[in-house]
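This report refers to the structure that appears directly beneath it.
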Amino acid sequence: EWIEDYDLHANAIGLKRHPDKGRIFIAPGRHLPAENSKLMKHTHCTREGFIVVGGFVGTDDAIRDHASAKVLTVSE
């Protein structure tokens, strides 16, 4: 319900969430939210990681993979 409250107040001042950009990192070994939960209607869960304000957040392996891919891109 906090998402609806956020939208109510944020939308009133012109702030809108992009429906495809919501991400939550769920650590390996933790339970995912139920598919029919309100949260899953508003966001996407990942077990690897994602980029927040330009920095990658996630598991150690995913961070290494992301950094390695960046190094390869820069060295080309």
Side-chain angles (χ1 to χ4, degrees):
E1 292 157 7
W2 66 269
I3 292 175
E4 288 87 357
D5 288 342
Y6 173 87
D7 285 344
L8 176 70
H9 297 290
N11 292 350
I13 60 171
L15 299 175
K16 308 265 192 259
R17 287 183 305 103
H18 192 289
D20 294 331
K21 292 187 177 179
R23 300 278 186 271
I24 293 179
F25 172 63
I26 306 291
R30 299 294 181 190
H31 297 287
L32 291 172
E35 284 295 321
N36 61 350
S37 68
K38 283 186 179 182
L39 178 64
M40 295 302 284
K41 293 178 186 174
H42 297 284
T43 193
H44 305 282
C45 293
T46 177
R47 292 206 183 265
E48 298 295 318
F50 56 94
I51 296 175
V52 178
V53 193
F56 192 84
V57 176
T59 64
D60 290 345
D61 289 338
I63 291 170
R64 276 191 288 276
D65 291 345
H66 181 76
S68 295
K70 286 291 185 186
V71 169
L72 289 175
T73 301
V74 171
S75 63
E76 291 178 348

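For reference, positions follow the sequence shown, starting with 1.
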Next item on the list: To the nearest 0.5 Å, tell me how far Ile26 CD1 sits from His31 NE2.
Entry: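 Ile26 atom CD1 to His31 atom NE2 measures 11.0 Å (nearest 0.5 Å).
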Next item on the list: Look up atom CG in Asp7 and atom NZ in Lys16, then write down how far apart they are to the nearest 0.5 Å.
Entry: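 Output value for this atom pair is 9.0 Å.
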Checklist line | side-chain hydrogen bond (donor to acceptor under 3.5 Å, both in side chains) partners for Asp65, two or more places apart | finding: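 Scan of Asp65 (side-chain hydrogen bond (donor to acceptor under 3.5 Å, both in side chains), adjacent residues dropped) gives none.
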Next item on the list: Check side-chain hydrogen bond (donor to acceptor under 3.5 Å, both in side chains) between Asp61 and all other residues, then give those that pass, not counting sequence neighbours.
Entry: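 Result, side-chain hydrogen bond (donor to acceptor under 3.5 Å, both in side chains) vs Asp61: Arg64.
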Item checked: Non-neighbouring partners of Ala10 that pass side-chain contact (heavy atoms from CB on, under 4.5 Å), sequence neighbours left out ->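 Listed in chain order: Tyr6, Leu15.
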Note to self: Which residues pass the side-chain contact (heavy atoms from CB on, under 4.5 Å) test with Ile63, not counting sequence neighbours?
What the structure shows: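 For Ile63, the residues satisfying side-chain contact (heavy atoms from CB on, under 4.5 Å) (neighbours in sequence not counted) are Phe56.
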Note to self: My understanding is that only residues two or more places apart in sequence, or in another chain, count here; which of them pass salt bridge (charged side-chain N to carboxylate O under 4.0 Å, His left out) with Arg23?
What the structure shows: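 Arg23 satisfies salt bridge (charged side-chain N to carboxylate O under 4.0 Å, His left out) with no residue once adjacent residues are dropped.
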Next item on the list: Please name all residues satisfying salt bridge (charged side-chain N to carboxylate O under 4.0 Å, His left out) with Arg47, sequence neighbours left out, ordered by chain then number.
Entry: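 In terms of salt bridge (charged side-chain N to carboxylate O under 4.0 Å, His left out), with neighbours along the sequence ignored, Arg47 is linked to no residue.
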Next item on the list: Kindly check if the number of other-residue, nucleotide or ligand heavy atoms within 6.0 Å of CD (Glu35) is above 12?
Entry: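 Atom CD in Glu35 is not packed in, count stays at 12 or less.
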Checklist line | Leu32 reachable from Ile24 in the ILVMFWY side-chain graph, under 4.5 Å edges | finding: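 Per the 4.5 Å side-chain linkage, Ile24 and Leu32 are co-clustered.
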Margin query: Starting from Phe50, can I reach Val53 by hopping between I/L/V/M/F/W/Y residues whose side chains sit under 4.5 Å apart?
Written below: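 Yes; Phe50 is reachable from Val53 via cluster members.
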Margin query: Looking at every heavy atom in both Ala62 and Glu48, which two are closest together, and how far apart are they?
Written below: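 Minimum heavy-atom separation between Ala62 and Glu48: CB-O, 3.3 Å.
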